[in-house]
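Beneath this line is the structure, given in structure tokens, with notes to follow.
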Amino acid sequence: MLIGELAARTGVPTRLLRYYEEQGLLEPSRLPNGYRSYDDGLIERVTQIRGLIDAGVPTRIIREILPCLDDPTTFHVFDSSPELVASLREYHDQLDARVRCLARNRDALATYLAAVHPH
DNA sequence: CTTCTGACA
DNA sequence: TGTCAGTA
């Protein structure tokens, strides 16, 4: 599929799809006319990338773990540099902190709702 | 009409 | 990230 279709199906702007390619996160093939051609399976990958970016993981880190995203079991087999592991632990902790904060506010709102609209 | 590259905010 | 330019 062309970049426009992938953008429509993933919700990721064409501008970003080209940017992710520039960052080494995607490598679509090219049609005779120079247009980028994306594999159907890349829809998942784009979703994967978006999720990581939304989680605060920089494209540089995503690029390093991307080769293993398809098969996590091969992760440590290939690359497990101490630096990368340390970075991942850092982002994991940051994410964990955000999750806790969200859960806390969710519960606070639930309590408020229960008070104003008891059942 | 869609995509491409490069550039600027 | 958004958007504009000038093409193919």
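Protein chains get the first letters and strands the later ones, always in sequence-line order, with residue 1 at the start of each. If you're wondering where the values come from, they're calculated on a predicted model, not measured in any experiment.
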Rounded to whole angstroms, how far apart are [atom1] on [X] and [atom2] on [N]?
{"X": "A:N33", "N": "C:dT7", "atom1": "CG", "atom2": "C1'", "value": "13 Å"}
{"X": "A:L16", "N": "B:dT3", "atom1": "CG", "atom2": "C1'", "value": "16 Å"}
{"X": "A:L6", "N": "B:dC4", "atom1": "CG", "atom2": "P", "value": "11 Å"}
{"X": "A:L17", "N": "C:dT1", "atom1": "CG", "atom2": "P", "value": "11 Å"}
{"X": "A:Y38", "N": "B:dT3", "atom1": "OH", "atom2": "P", "value": "10 Å"}
{"X": "A:Y19", "N": "C:dT3", "atom1": "OH", "atom2": "C1'", "value": "17 Å"}
{"X": "A:L2", "N": "B:dC4", "atom1": "CG", "atom2": "P", "value": "8 Å"}
{"X": "A:E5", "N": "B:dT2", "atom1": "CD", "atom2": "P", "value": "13 Å"}

Residue whose nearest DNA chain B nucleotide is more 5′ - A:R18 or A:R15: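 Residue closer to the 5' terminus by nearest nucleotide: A:R18.
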
For DNA chain B, please output the secondary structure as dot-bracket, reading 5' to 3'. Pairs are Watson-Crick or G-U wobble, both atom distances under 3.5 Å; mark crossing pairs with [ ], other-strand partners with |, unpaired with a dot. .|.||||||

Taking the side chain as everything from C-beta on, heavy atoms only, tell me whether [X] gets closer than 4.5 Å to [Y].
{"X": "A:L52", "Y": "A:I65", "value": "yes"}
{"X": "A:Y38", "Y": "A:E21", "value": "yes"}
{"X": "A:D40", "Y": "A:R9", "value": "yes"}

With a 3.5 Å cut-off and just heavy-atom distances, do the side chain of A:Y35 and the base of B:dT2 make a donor-acceptor pair?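 It does, because a donor-acceptor pair links the side chain of A:Y35 to the base of B:dT2 below 3.5 Å.
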
Does A:R36 make a side-chain donor-acceptor contact with the base of B:dT3, cut-off 3.5 Å?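 It does not, because no donor-acceptor pair links the side chain of A:R36 to the base of B:dT3 below 3.5 Å.
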
Could A:E22 and A:R18 be called an ion pair, given the rule that one side-chain N must be under 4.0 Å from one carboxylate O?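 No salt bridge links A:E22 with A:R18.
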
Under-4.0 Å salt bridge between A:D93 and A:R89: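 No, this pair does not count.
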
So, for A:T14 and A:G4, which heavy atoms are closest and what is the spacing to 0.1 Å?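 What the structure gives for the nearest pair is CG2-CA, 4.2 Å.
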
Between the main-chain N or O of A:Q23 and the side-chain N or O of A:R63, is there a donor-acceptor pair closer than 3.5 Å?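 Here the side-chain-to-backbone pair exists.
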
